[in-house]
Amino acid sequence: MKVRFGVSAKILPNQGNIYASISTRGRVFGRSEVINGIANPVWKKVFVSDYDNVEDAYVTVSILTEEDNKEIGKAQFNVAAILGSRQHAVYEDLEDGSTIFVCAHEHKIERSTFKFKLRGKDLIYKSKTRLIGGKPDPFYEVRNASGIVYRSEVQDRTMDPDWLVAEVDLYSLCGGNFDAPVELVVFDHHRHETGSLVRTSKSNDTGKLIGLLKSTVNNLLLDAASGECLLLWQHGQRAGNIFVLEAECIGLISTSEALQAAATAKAVTEASQVAEMSRKEFEKARGLAEATRKSEQEAFAALDKARIAAEVAKTASLEAAKEEERIKKRLVGTLRFQFEGKSLKNVEAFTLFDKSDPFFVLQKITSQENEKVDWSHVYISGVIMNNLNPAWEVSEVNIGDICDRSIDEAIRVVVFDWEKSGKHKLIGYFETSIQGIMSAQRSEEEFQVADKFEETGRIAVRRAELDGFIDPKSVEKRAKELAEKADAAHFFALGAEQRVKHASKAAESARKKLLQLEIADWTKNDAVVARSA
């Protein structure tokens, strides 16, 4: 999902020229234009970033000085929270009293256009085909990496053309990337000898180049806002000036308007809070009873939430405990690996004519008593015929078939010479673990194959990966953490029950006080009526 951001700030300290930088996961994906000495800047530049999951995505907005990149303000925002807010804009108040605003909208431009208006000034054009003092018939083309996107009308005999408002499909112009390069190329249109304009379909047939400039959608928006003069160039020489009189994206929500709406909403909220505080002071006596009643309701609501949270935490803890027990019974996941033998010993009877036909067996410990260890086969590889440097196919084996509790448990790799009779000859073996196989693949370390004390070759691990493996230690840690959270939630619920009792007592006391005041008022009224009678 592509998201478009805008940034503004309020009540910044005076630090001279400042700009905004926006980043996600430590990667800066946008830097704004520089604004000079404004306490309430609204940056015009638009920033676009792509997210797989906005719920877990955050953007960091930093305000920095241009001179020394000193950070004068910084705030972090959740992307989903911005998109889900009322104005699609949120803010954060900083310790120095300033505020950073950021707005975000889903960046969909399929039905959007870029509307703009250009004016030329003092175009410089020399042509041998024109009479001395003659003026060009300028028009311009907008180009991107794919070619011509738009061609303007021709202005007759003028050095200061004022072209009509243009509107271009935004996707065709920049593909949604507001920082993608675009070119504005100004030409002098050809004429017939009679003076009528020549209009052809090919751009290189319409006229001679006056000059060009390079820009982006973002820069054109900034140029329209600032009124800055843009320079046309031809072969390294100035060829005139261009002014962007108007520039806006039609069909897209304005980031400036969204930021202004958020700032207005904040001001209204703060004003309402001040008014509410004044009203509460004015109605302090009656407000006390209402506040205690509300506090009692909130305490009951908090108790309900605490009980639900405790139940949820308890359920999660029980589920984690079940998961831990399941993993303890049998490890899950797959070991995918590839072995390559090197210089294996030839154990054939006639070594001049035959070579060993090696295959390997994975073995796990089935029983261990004193120094006696019993091993059992859990996997047998394919046979590589007549080869002392075999490269076996990629093998797969369930981790639970090799290990009982940990991938650090010892396993044995035994290499045999296959015999048709079934009486396979031992070449050698080595002991390791799944963890050892993974480590050997990373370090490119080779295992020494040995038969008793004689080295009979080496085994290299060309590939090793774990698929779907769940570490029992992490499961155990998570189960412990969830159990602790469940206990904490339980005690929090007990505390909530006590808070409900205190809130109910305070509310009852306030109600009695208010009733006493009402009875006293009634008594006063009765006394007045009696005296009147």
Review point. Does a side-chain N-to-carboxylate-O contact under 4.0 Å join Lys44 and Asp223?
Key: no
Review point. Do Lys266 and Tyr91 meet the cation-pi criteria used here (NZ or CZ under 6.0 Å from the six-membered ring centre, within 45° of the axis)?
Key: yes
Point to revise | Heavy-atom side-chain proximity of Phe101 to Val61 below 4.5 angstrom | key: no
Point to revise | CD (Glu67) with more than 12 external heavy atoms under 6.0 Å | key: no
**Study point:** Criterion side chain to side chain contact (heavy atoms under 4.5 Å, CB included) on Ile434 and Cys403, from CA distance to verdict
**Key:** CA-CA 9 Å; Ile434 293 180; Cys403 305; 3.5 Å; yes
Exercise for review: Nearest 0.5 Å please: distance from the CD atom of Glu319 over to the NZ atom of Lys314.
Suggested key: 12.5 Å
**Study point:** salt bridge (Lys or Arg N to Asp or Glu O under 4.0 Å) partners for Glu290, two or more places apart
**Key:** Arg293
Point to revise | Asn144 side chain to Ser172 backbone, donor-acceptor under 3.5 Å | key: yes
Practice item. Determine, step by step, whether Ile100 and Lys10 satisfy the side chain to side chain contact (heavy atoms under 4.5 Å, CB included) criterion, reporting the C-alpha distance in whole Å, the side-chain angles of both residues, the deciding distance to 0.1 Å, and the verdict. Key: CA-CA 7 Å; Ile100 294 178; Lys10 290 284 187 182; over 6 Å; no
Review point. So, does Ser23 use its side chain to make a donor-acceptor pair with the main chain of Gly26 at under 3.5 Å?
Key: no
Practice item. Mark yes when over 12 heavy atoms from residues, nucleotides or ligands other than Phe492 sit less than 6.0 Å from its CZ; otherwise mark no. Key: no
Exercise for review: Answer yes or no: is there a donor N or O on one side and an acceptor on the other, between the side chain of Asn40 and the main chain of Ile11, under 3.5 Å?
Suggested key: yes
**Study point:** Atom CZ of Arg478 with >12 non-hydrogen neighbours under 6.0 angstrom
**Key:** no
Practice item. For residues Asp179 and Asn218, determine if any side-chain heavy atom of one lies less than 4.5 Å from a side-chain heavy atom of the other. Key: yes
**Study point:** Glu465 CD: over 12 foreign heavy atoms closer than 6.0 Å
**Key:** yes
Practice item. For Ser152 and Tyr140, indicate whether the former's side chain and the latter's backbone hold a donor-acceptor pair under 3.5 Å. Key: yes
**Study point:** Non-hydrogen side-chain atoms of Asn177 and Val48 separated by less than 4.5 Å
**Key:** no
Practice item. Verify whether one side chain among Glu153 and Gln155 offers a donor that lies under 3.5 Å from an acceptor in the other. Key: yes
Revision key, fill the gap. Ser32 and Lys45 have their tightest heavy-atom pair at CA-CD, 4.0 Å
Exercise for review: Identify whether NZ of Lys or CZ of Arg in Arg462 sits under 6.0 Å from the centre of the six-membered ring of Phe339 and within 45° of that ring's axis.
Suggested key: no
Point to revise | Closest heavy-atom pair and its distance - Ala496, Leu303 | key: CB-CD1, 3.8 Å
Revision key, fill the gap. Nearest heavy-atom approach of Ser62 to Lys74 is OG-CG, 3.8 Å
Check your understanding: Checking Asn78 side chain against Ala81 main chain: does a donor-acceptor pair fall under 3.5 Å?
Key -> yes
Check your understanding: Do Glu396 and Thr334 have a side chain donor and acceptor closer than 3.5 Å?
Key -> no
Review point. Under the side chain to side chain contact (heavy atoms under 4.5 Å, CB included) criterion, do Ile250 and Glu248 qualify, and how do the steps go?
Key: CA-CA 6 Å; Ile250 305 299; Glu248 61 177 321; 3.5 Å; yes
Practice item. Please indicate whether Gln297 has more than 12 foreign heavy atoms, meaning atoms of other residues, nucleotides or ligands, lying under 6.0 Å from its CD. Key: yes
Exercise for review: Can you sort out the partners of Phe29 under side-chain contact (heavy atoms from CB on, under 4.5 Å), two or more places apart, ordered by chain and number?
Suggested key: Phe5, Ile22, Thr24, Arg27, Phe47, Ser49, Tyr51, Val59
Practice item. Decide yes or no on side chain to side chain contact (heavy atoms under 4.5 Å, CB included) for Ile407 and Phe469, but give the supporting numbers first. Key: CA-CA 10 Å; Ile407 60 174; Phe469 173 63; 3.6 Å; yes
Point to revise | Donor-acceptor contact present, side-chain Asp188 to main-chain Asp137, <3.5 Å | key: yes
**Study point:** Polar contact flag, side-chain donor to acceptor under 3.5 angstrom, Asp96-Ser98
**Key:** yes
Check your understanding: What is the distance from atom CE of Met159 to atom NZ of Lys135, rounded to the nearest 0.5 Å?
Key -> 7.5 Å
**Study point:** Reported CZ-to-CG distance for the pair Arg25 and Asp56, which is rounded to 0.5 angstrom
**Key:** 7.5 Å
Point to revise | Expected output: side-chain Ser439 to main-chain Gln435 donor-acceptor under 3.5 Å | key: no
Study note, to complete from the structure: Nearest heavy-atom approach of Gln87 to Ala258 is O-CB, 3.9 Å
Check your understanding: With side chains defined as the heavy atoms from C-beta onward, is the minimum distance between Ile148 and Glu183 less than 4.5 Å?
Key -> no
Study note, to complete from the structure: CD of Glu246 to CG of Leu221, rounded to nearest 0.5 Å, is 12.5 Å
Practice item. May I have all residue pairs that pass salt bridge (Lys or Arg N to Asp or Glu O under 4.0 Å) and include part of residues 98-120, sequence neighbours excluded? Key: Glu106-Lys108, Lys117-Asp162, Arg119-Asp162
Check your understanding: Hey, is CG on Asp408 packed in by over 12 heavy atoms from elsewhere, all under 6.0 Å?
Key -> yes
Check your understanding: Would you say Asp50's side chain and Val3's backbone share a donor-acceptor pair under 3.5 angstrom?
Key -> no
Practice item. Please tell me if the side chains of His235 and Gln237 come closer than 4.5 Å, counting only heavy atoms from C-beta onward. Key: no
Check your understanding: Mind checking whether Phe114 and Glu167 have side chains closer than 4.5 Å, heavy atoms only?
Key -> no
Review point. How many angstroms lie between atom CD of Glu33 and atom OH of Tyr19, to the nearest 0.5 angstrom?
Key: 13.0 Å
Check your understanding: So, Thr99 and Asp93: side-chain donor and acceptor under 3.5 Å apart, yes or no?
Key -> yes
Revision key, fill the gap. What one should report as the nearest heavy-atom pair of Ser21 and Leu64 is CB-CD1, 3.8 Å
Exercise for review: Could you check Trp163, Tyr150, Phe187 and say which one makes a ring-ring contact (aromatic ring centres under 6.0 Å, His included) with Phe139?
Suggested key: Phe187
Point to revise | Pairwise side-chain contact, Val154 with Pro138, heavy-atom cut-off 4.5 Å (strictly under) | key: no
Check your understanding: Between atom CZ of Phe243 and atom CG of Asp160, what is the distance when rounded to the nearest 0.5 Å?
Key -> 9.5 Å
Check your understanding: Is the backbone N or O of Leu494 less than 3.5 Å from a side-chain atom of Gln498, with the two atoms forming a donor-acceptor pair by type?
Key -> no
Review point. Do side-chain atoms of Asp122 reach the backbone of Asn241 as a donor and acceptor pair under 3.5 angstrom?
Key: no
Practice item. For residues Ser215 and Asn219, report the shortest heavy-atom separation together with the two atoms involved. Key: OG-CB, 3.3 Å
Exercise for review: Side-chain contact test, heavy atoms from C-beta onward, threshold under 4.5 Å: evaluate it for Arg463 versus Val394 and give yes or no.
Suggested key: yes
